S.K.: 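Structure incoming, see below.
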Amino acid sequence: MTDKKNRGFTTTVLHSDRQKPIEHGSLHKPIHTAVAFGYRDARELADVFQGKKAGYRYGRQGNPTVSALEDKITRMEDGMATLCFATGMAAIGAIVQGLLRSGDHVVSSSFLFGNTNSLWQTVSQQGMPVSFVDPTDVAHVERALQPNTRLVFVETIANPRTQVADLERIGTLCRERGILYVVDNTMTSPYLFRPKAVGAGLVVNALTKSIGGHGNALGGSLTDTGLFDWTRFPNIADSYQRFVPGAWGMAQLRAKGLRDFGAALGPEAAHHLSVGSETMALRIERESGSALALARMLSDDPRVAAVHYPGLPSHPQHAIAASLFRAYGGLFSFELAAGIDCFDYLNRLQIAVPASNLGDTRTLVIPVAHTIFHEMGPERRASMGIAESLIRVSVGIEDTGDLIEDFRQALD
Ligand SMILES: *Cc1c(COP(=O)(O)O)cnc(C)c1O
């Protein structure tokens, strides 16, 4: 990561807020709870509204505590600008509301976070058809492109089966065709991978997960990497074309996606997420080490039918993951041998908690087909490679030996 002095990731995150003056020299950006911002001269208020002067108008469109977090994420992603939202889903929803029009076409990975999959189904019904493709081979993406394809959407490592998209080749394809490339970086986080390196124009992060890291605040973000040429995007309204072209996308996303739909991130949540992000690199190093140790232990056990983790040499995209990611992250999934009930197994774990979150400091486990992927039904589950006994594990920062012992004793 890349501030001007080429300092490391954690140094840059820790000192990000102080790149701008902070009130009273406070070492944390303060939590500003005011919804409105007063101006002594009414003309100044008008200038802020007309974009002639920098400043805040109303909490839904921007807040100083949230801006400090946005700057921090921009530095993490080596991007140009970031917008924060109330949740990760709100950030993805803002892409639809802010950038798509009826009749547009979207190509999306079929290996997706469950709620994103559901969102794309809704969008299809609203007159913006979505083609789902297996993104592990760029040829599938290329075949799905149409003249009205406005964006290609992929996740880095898919949750829960851990397929890794053909990130670099899809980036090249999108650049050649002038199509906006959107990468959901939640599973890797900007510590393990920066989608800008493979040509992404917009980067999604669910801040709720690894960036906040403690399961105590929801949030989401969109980062413009500066690589996409917005003059090639047909849906930018005239009122946003008065800015320099590099700012068109973010200006329209802020107005249409954030201001008009209103899913603003609260300042208290922004503070929690910002403090959490200070230890992200340390947490992810620990989680990645433990996840690899657990994945190896389980894949060597005859009572386990399959283990899905990009860090295992047997993983189909291990080579891509090894070449692009700093480590393999804290998420893996596994299937028990036939005859072992996944609920029996989960109920025998003493440290790992059955719960639906990931990137938390605590190790969380979930029976995927019976919970987060229940609504879509068995056929769609099968098409996504979700076995009925699949267990997803989000590895926390507990001591590695304790986790190994816990997952082993539950098998015994
Ligand atoms: C959790 C998650 C989201 C949504 O984030 P929320 O903050 O829960 O709305 C989006 N994408 C991925 C890959 C996720 O894991």
Side-chain angles (χ1 to χ4, degrees), residues 66 69 73 77 82-97 106 108-123 132 135 151 153-165 167 182-193 195 200 202-223 257-258 261-266 268-270 272-274 276-277 280 284 287 291 308 310 325 328-333 355-360 364-366 368 371-373 375 384 386 392-396:
V66 175
L69 177 62
I73 296 162
E77 289 288 4
T82 297
L83 274 179
C84 280
F85 297 85
T87 65
M89 286 316 300
I92 299 171
I95 298 173
V96 177
Q97 293 144 355
V106 172
S108 169
S109 165
S110 53
F111 307 135
L112 286 176
F113 178 64
N115 302 154
T116 306
N117 176 69
S118 170
L119 173 71
W120 288 137
Q121 311 281 346
T122 308
V123 166
F132 291 97
L151 62 92
F153 184 98
V154 301
E155 296 179 2
T156 50
I157 302 176
N159 159 18
R161 270 291 312 273
T162 75
Q163 299 96 333
V164 179
L167 291 158
V182 184
V183 177
D184 183 335
N185 197 28
T186 302
M187 293 289 298
T188 23
S189 90
Y191 176 64
L192 295 182
F193 176 61
L202 276 185
V203 181
V204 176
N205 279 291
L207 308 176
T208 315
K209 312 293 173 54
S210 297
I211 291 183
H214 295 72
N216 61 350
L218 291 157
S221 66
L222 295 179
T223 299
L258 184 64
F261 281 83
L265 180 66
E268 294 88 353
H272 283 307
L273 297 166
S274 184
S277 75
M280 177 167 68
I284 290 178
E287 290 161 6
H308 310 289
F325 308 151
Y328 304 98
L331 188 128
F332 72 92
S333 57
S356 165
N357 186 20
L358 45 96
D360 198 310
L364 307 178
V365 288
I366 194 159
V368 174
T371 55
I372 47 178
F373 282 65
E375 187 181 301
M384 295 173 84
I386 310 289
R392 183 186 79 187
V393 184
S394 170
V395 179

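Positions are given from 1, in the same order as the sequence printed here. Counting starts at 1 for both ligands and their atoms, in listed order. Just so you know, these numbers come straight off a predicted model, no measurement behind them.
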S.K.: Give the numbers and elements of all ligand 1 atoms closer than 4.0 Å to a heavy atom of Asp184.
M.R.: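 Atoms satisfying the 4.0 Å criterion: 10 (C), 11 (N), 12 (C), 13 (C).
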S.K.: Around atom 15 (O) of ligand 1, find the nearest protein heavy atom and jot down its residue, atom name and distance.
M.R.: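 Looking only at protein heavy atoms, the one closest to atom 15 (O) of ligand 1 is Lys209 NZ, 2.8 Å.
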S.K.: Examine Leu218 against ligand 1 and note whether any of their N/O atoms are separated by less than 3.5 Å.
M.R.: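 Leu218 vs ligand 1: no N/O contact under 3.5 Å.
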S.K.: Which of the atoms in ligand 1, numbered in the order shown and given with their element, are less than 4.0 Å from a heavy-atom of Thr87?
M.R.: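 Atoms satisfying the 4.0 Å criterion: 7 (O), 9 (O).
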S.K.: Under a 3.5 Å distance rule, please check whether Ser108 uses its side chain to pair with a backbone N or O of Phe132 as donor and acceptor.
M.R.: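 No; judged by distance alone, with no hydrogens or angles, the pair does not exist.
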S.K.: Tell me, which protein residue and heavy-atom name are nearest atom 6 (P) of ligand 1, and how many Å apart are they?
M.R.: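 Going by distance alone, atom 6 (P) of ligand 1 is nearest to Gly88 N, 3.3 Å.
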S.K.: Using distance alone, decide if ligand 1 has a nitrogen or oxygen within less than 3.5 Å of any nitrogen or oxygen in Phe113.
M.R.: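 No: no nitrogen or oxygen of Phe113 is under 3.5 Å from one in ligand 1.
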S.K.: Are any side-chain N or O atoms of Asn185 and backbone N or O atoms of Phe193, one a donor and one an acceptor, separated by less than 3.5 Å?
M.R.: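 Yes; at least one donor-acceptor contact below 3.5 Å.
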S.K.: I'd like to know if the side chain of Glu155 and the backbone of Phe113 have a donor-acceptor N/O pair within less than 3.5 Å.
M.R.: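 Yes; at least one donor-acceptor contact below 3.5 Å.
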S.K.: Donor-acceptor check, side chain of Ser109 to backbone of Leu112, threshold 3.5 angstrom: yes or no?
M.R.: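 Side chain of Ser109 to backbone of Leu112, a donor-acceptor pair under 3.5 Å: no, none is there.
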S.K.: Looking at ligand 1, is there an atom of it that comes within less than 4.0 Å of some heavy atom belonging to Gly219?
M.R.: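 Heavy atoms of Gly219 do come under 4.0 Å of ligand 1.
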S.K.: Under 3.5 Å, is there a donor-acceptor pair between the Thr188 and Thr156 side chains?
M.R.: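 Yes, side-chain donor-acceptor contact under 3.5 Å.
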S.K.: Pairs of nitrogen or oxygen atoms closer than 3.5 Å, one from Thr208 and one from ligand 1: do any exist?
M.R.: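 It does: an N or O of Thr208 is found under 3.5 Å from an N or O of ligand 1.
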S.K.: Using a plain distance cutoff, I'd like to know if Glu155 has any nitrogen or oxygen under 3.5 Å from a nitrogen or oxygen of ligand 1.
M.R.: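 No - when backbone and side-chain N and O of Glu155 are compared with those of ligand 1, no distance drops under 3.5 Å.
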S.K.: Should we count CD of Gln121 as having more than 12 external heavy atoms under 6.0 Å?
M.R.: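 Yes, enclosed.
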S.K.: Quick one: nearest non-hydrogen protein atom to atom 9 (O) of ligand 1, plus distance?
M.R.: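 The closest one turns out to be Met89 N, 2.9 Å.
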S.K.: Is it true that a side-chain atom of Thr208 and a backbone atom of Gly219 form a donor plus acceptor pair closer than 3.5 Å?
M.R.: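 Here the side-chain-to-backbone pair exists.
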